[in-house]
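Per chain, numbering begins at 1; letters A, B, ... match sequence-line order. These numbers were taken from a predicted model, which means no experiment stands behind them.
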Amino acid sequence: EDQVTQSPEALRLQEGESSSLNCSYTVSGLRGLFWYRQDPGKGPEFLFTLYSAGEEKEKERLKATLTKKESFLHITAPKPEDSATYLCATASYNNNDMRFGAGTRLTVKP
Amino acid sequence: KAGVTQTPRYLIKTRGQQVTLSCSPISGHRSVSWYQQTPGQGLQFLFEYFSETQRNKGNFPGRFSGRQFSNSRSEMNVSTLELGDSALYLCASSLGQGDYEQYFGPGTRLTVT
């Protein structure tokens, strides 16, 4: 069965302290891997789509990378406004639905 | 461009009742997907609608149903509510069927008492 696992569950950083979030997946026929950011009380906000191993995408302080087994969301010099839950999700050619991980709750302290 | 809108934002219902939630997608988006989000299970896919037809369905009981109108607006219905149906129900729109670059609405917070 397709699975998406995110680690760590929670991460506390000091402002400026770079780190990475992990998303491990076992999906047959990966169609795409997606990263979203979710703030409390709001719907997820689309960040990136990655389609193939070796692909990288960047947006401001965020950079997403993809291998055949996992994806990383690198956060460089984070700011308090980067505090949110980051979700990754996969889509498969075999079953058409999106499978979400449980998320990593990121807190950046000033 | 206006984002995805969902109504109502908050709802309190009693066990056994039914509820209808509404979603208006981004203008030009023709696919609408529904998700249930709970602290224990996270985000789970309910169903996807495109061109007024259900294209894909998640693993939820038949009490959960939906429909899409010709203007791409969508509704989902939950009948015979159970306490475990308390959740944030999210709607997401995308340009076409199977387009996974989805844009989410703010959600409807349903509480079943």
Side-chain angles (χ1 to χ4, degrees), chain A residues 1-10 21-25 27 29-52 55 57 59 62 64 66 71 84-106, chain B residues 1-7 9-10 21 23-26 29 31-50 53-60 64 66 87-111:
Chain A
E1 184 181 309
D2 295 349
Q3 284 194 329
V4 180
T5 305
Q6 291 189 247
S7 61
E9 285 186 21
L21 314 182
N22 178 264
C23 172
S24 298
Y25 64 92
V27 174
L30 181 73
R31 183 169 183 164
L33 185 138
F34 312 86
W35 282 97
Y36 288 85
R37 166 194 171 127
Q38 187 172 24
D39 293 296
K42 296 187 177 182
E45 175 191 345
F46 173 79
L47 293 173
F48 303 111
T49 305
L50 301 167
Y51 292 105
S52 57
E55 190 174 1
K57 294 272 181 75
K59 180 180 179 180
L62 301 176
L66 181 66
S71 177
T85 295
Y86 290 86
L87 299 163
C88 79
T90 59
S92 165
Y93 283 105
N94 298 334
N95 57 30
N96 289 327
D97 64 342
M98 288 187 73
R99 199 67 58 95
F100 280 83
T104 293
R105 189 171 64 254
L106 174 67
Chain B
K1 193 183 249 189
V4 177
T5 58
Q6 292 186 245
T7 57
R9 291 293 313 279
Y10 303 91
L21 312 181
C23 171
S24 293
I26 292 171
H29 283 195
S31 177
V32 173
S33 296
W34 288 89
Y35 294 85
Q36 181 195 68
Q37 188 173 34
T38 59
Q41 298 297 319
L43 256 169
Q44 292 185 287
F45 172 77
L46 280 158
F47 27 65
E48 178 191 11
Y49 283 87
F50 177 78
T53 302
Q54 187 179 96
R55 301 293 179 165
N56 199 14
K57 190 177 190 302
N59 189 24
F60 278 82
F64 292 82
L88 180 67
Y89 289 88
L90 291 158
C91 161
S93 77
S94 58
L95 280 171
Q97 181 188 354
D99 180 354
Y100 294 102
E101 187 168 321
Q102 297 182 341
Y103 294 84
F104 284 80
T108 294
R109 172 74 63 187
L110 172 64
T111 302

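- For a residue to count as touching a neighbouring chain, one of its non-hydrogen atoms must lie under 4.5 Å from one of that chain's; by this rule Arg9(B) touches chain A with the side chain only.
- Nearest heavy atoms, Phe45(B) versus Met98(A): CB-O, 4.0 Å.
- Applying the ring-ring contact (aromatic ring centres under 6.0 Å, His included) rule to Phe100(A) yields the partners Tyr36(A), Tyr35(B); only residues at least two apart in sequence or on another chain are considered.
- Put simply, of Gly42(B), Pro106(B), Gly107(B), the one with the most heavy-atom pairs under 4.5 Å next to chain A is Pro106(B).
- The salt bridge (Lys or Arg N to Asp or Glu O under 4.0 Å) contacts involving residues 38-52 of chain A comprise Arg37(A)-Asp39(A), where partners must be two or more places apart or lie in separate chains.
- The two residues Leu90(B) and Pro44(A) come nearest to each other via the heavy atoms CD1-CD, 3.8 Å.
- Taking CD of Gln38(A) as the start and CD of Gln37(B) as the end, the distance is 4.0 Å to the nearest 0.5 Å.
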